[in-house]
Amino acid sequence: MLKRRDFDCIVLGLGGIGSGAAYWLAREAGGGILGLEQFELGHVRGESQDHSRIIRLSYHRPDYVQFAKLAYLAWAAVEADSGTRLILKTGGLDLGPRVSAIPLESYMQSMEAGGVPFERLDAAEIMRRWPPFRLSDDIHGIFQADSGIAMAARANAVHQSMAKQHGALLREHTPVTAIEDAGDEIVVATADATYRCGKLVIAAGPWSNRALAHFGLRLPLEVTKEQVTYFAPSDIRPFTPERFPVWIWMDDPSFYGMPVFGEAGPKVAQDAGGKPVEPDARSFDPDIENLKRVTDFLERRMPSALGPVIYTKTCLYTLTPDRDFLIDVVPSHPNITIAIGAGHAFKFASAIGKVLAELTLRGRTDADLSLFSYRRPILELADPPKTYMV
Ligand SMILES: Cc1cc2nc3c(=O)[nH]c(=O)nc-3n(C[C@H](O)[C@H](O)[C@H](O)COP(=O)(O)OP(=O)(O)OC[C@H]3O[C@@H](n4cnc5c(N)ncnc54)[C@H](O)[C@@H]3O)c2cc1C
């Protein structure tokens, strides 16, 4: 039988960002918030589910540095509200050749502009502090002490739990099958119900274009299948969070890694090293060539991190062509907001959720979203040039 229920706001998609939005909407508004997730809460088919994601202030543009400050504040507010720790500071090392595809200069300039302290390190100092690295003299790095781990799976579950605590209704196994924007209300259909609401937040990750298709819209997004690998080295002690930082190799290909967290060994991956896929048709099999690039890198730069593979876990990126986020009101649909994370948004999941809640409830936010606009020219191109190395 067709049910009819009314909500102030519906959140479509309860991955990392949608769970953050549901939390902040419920915290600000109390009841009247419905979250709809097509799979089970905590599923692994999307972008957001693993033990850890890197969080850092170190970014290539001042606007990201400012937004990253808001990210830390948002997580701290959720930690205080829930009594649950979600961020583990380990310090973060960005390192690579002095001449590289991802120069460190823009990172240093952006942090200087934002008043964020960091240290410049040469290869010898990096190896003195963190002995697993094997570096030649042409390598340099920057260390920022606030970087660390966002406890992703736990953070998603806490956002969801606290959203419910603040009065939100979250429904899993409930795909949204149709959306109609009737101007003064939005009608959202699922298999067993039709919901009317005043505002809609789209946080559909790899399925964003499927959601936008309900309005005849399409963005030039590329969904890729990425992967991370946990290794079991013979000695894990040099890789514990007390002794080892999160790190990013700033060149093309770009690699990154985490200290021991969630499994008995460090996690290492290539950034944006995956192939394009359809989110509903993709496999969960590891890409062996991608894994070989990671192990080749470790053999050269961090051989003591190698050991038997504990497991390789696949995950999706939803990439905008410029790798910048999309956080905006949908053009011609003033009651609908959307966020797309461009493969580096977990650290911002709570802050983006908060911003979406502010746009939804107040029609404005103090956060600077100008570079994350829906109307930026590159998103209007059908086949835009792609810049994934940032
Ligand atoms: C391997 C890997 C490593 C990463 N590392 C980092 C990192 O170190 N630091 C960092 O900051 N970021 C990192 N990221 C990026 C970050 O994880 C993502 O940007 C972020 O998780 C995106 O979240 P999301 O909510 O947009 O997407 P998702 O988590 O995929 O959520 C979208 C949700 O919408 C649901 N949905 C879609 N359509 C419908 C519908 N019609 N009805 C109902 N539900 C629907 C989906 O089922 C899904 O649950 C990494 C990503 C990957 C894959």
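We use all heavy atoms of the structure for the numbers below, so side chains are in, but hydrogens, waters and symmetry mates are not. In listed order, ligands and their atoms are each counted from 1.
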Between S19, G353, G205, which one has a non-hydrogen atom sitting closest to atom 27 (O) of ligand 1? G205
May I ask whether A269 places a heavy atom under 4.0 Å from ligand 1? no
Atom indices of ligand 1, in the order listed, that fall short of 4.0 Å to a heavy atom of I54: 7 (C), 8 (O), 9 (N), 10 (C), 11 (O)
Whether H43 lies under 4.0 Å from ligand 1, heavy atom: yes
Which part of L12 is near ligand 1, with near meaning a heavy atom under 4.0 Å away: side chain, backbone, both or neither? side chain
Using 4.0 Å as the upper bound for N to carboxylate O, is an ion pair formed by K164 and E172? no
Ligand 1 contact on K347 by region, counting heavy-atom pairs under 4.0 Å: both
No-hydrogen, no-angle side-chain donor-acceptor test under 3.5 Å, T190 and R171: no
If you measure from the Lys or Arg side-chain nitrogens to the Asp or Glu carboxylate oxygens, is any gap between E125 and R128 under 4.0 Å? yes
Heavy-atom proximity to atom 24 (P) of ligand 1, best of S52, G42, G341, S48: S48
Are F297 and I248 in one and the same hydrophobic cluster, where Ile, Leu, Val, Met, Phe, Trp and Tyr link if side-chain heavy atoms are under 4.5 Å apart? no
At less than 4.0 angstrom from any non-hydrogen atom of A345, what atoms of ligand 1 do you find? 11 (O), 12 (N), 15 (C), 16 (C), 19 (O)
So that I know where these two stand, are F133 and F244 an aromatic pair - ring centroids less than 6.0 Å apart? yes
What are the two closest non-hydrogen atoms of A345 and I17, and how far apart are they? CB-CD1, 4.2 Å
Heavy-atom distances under 4.0 Å decide this one: backbone, side chain, both or neither, for W207 against ligand 1? side chain
Pair F67 and F372, ring centroids less than 6.0 Å apart: yes
Is any NZ, NE, NH1 or NH2 atom of the basic residue among R134 and E299 found under 4.0 Å from an Asp or Glu carboxylate oxygen of the other? no
Answer yes or no for F348: is there a heavy-atom contact with ligand 1 below 4.0 Å? no
Examine the proximity of ligand 1 to R210 and report which part, side chain or backbone, both or neither, has a heavy atom under 4.0 Å away. side chain
Considering only protein heavy atoms, which is closest to atom 46 (C) of ligand 1, and at what distance to one decimal place? Q38 NE2, 3.4 Å
So is P175 touching ligand 1 or not, going by heavy atoms under 4.0 Å? yes
Record the part of V228 in heavy-atom contact with ligand 1 below 4.0 Å; permitted values are side chain, backbone, both and neither. side chain
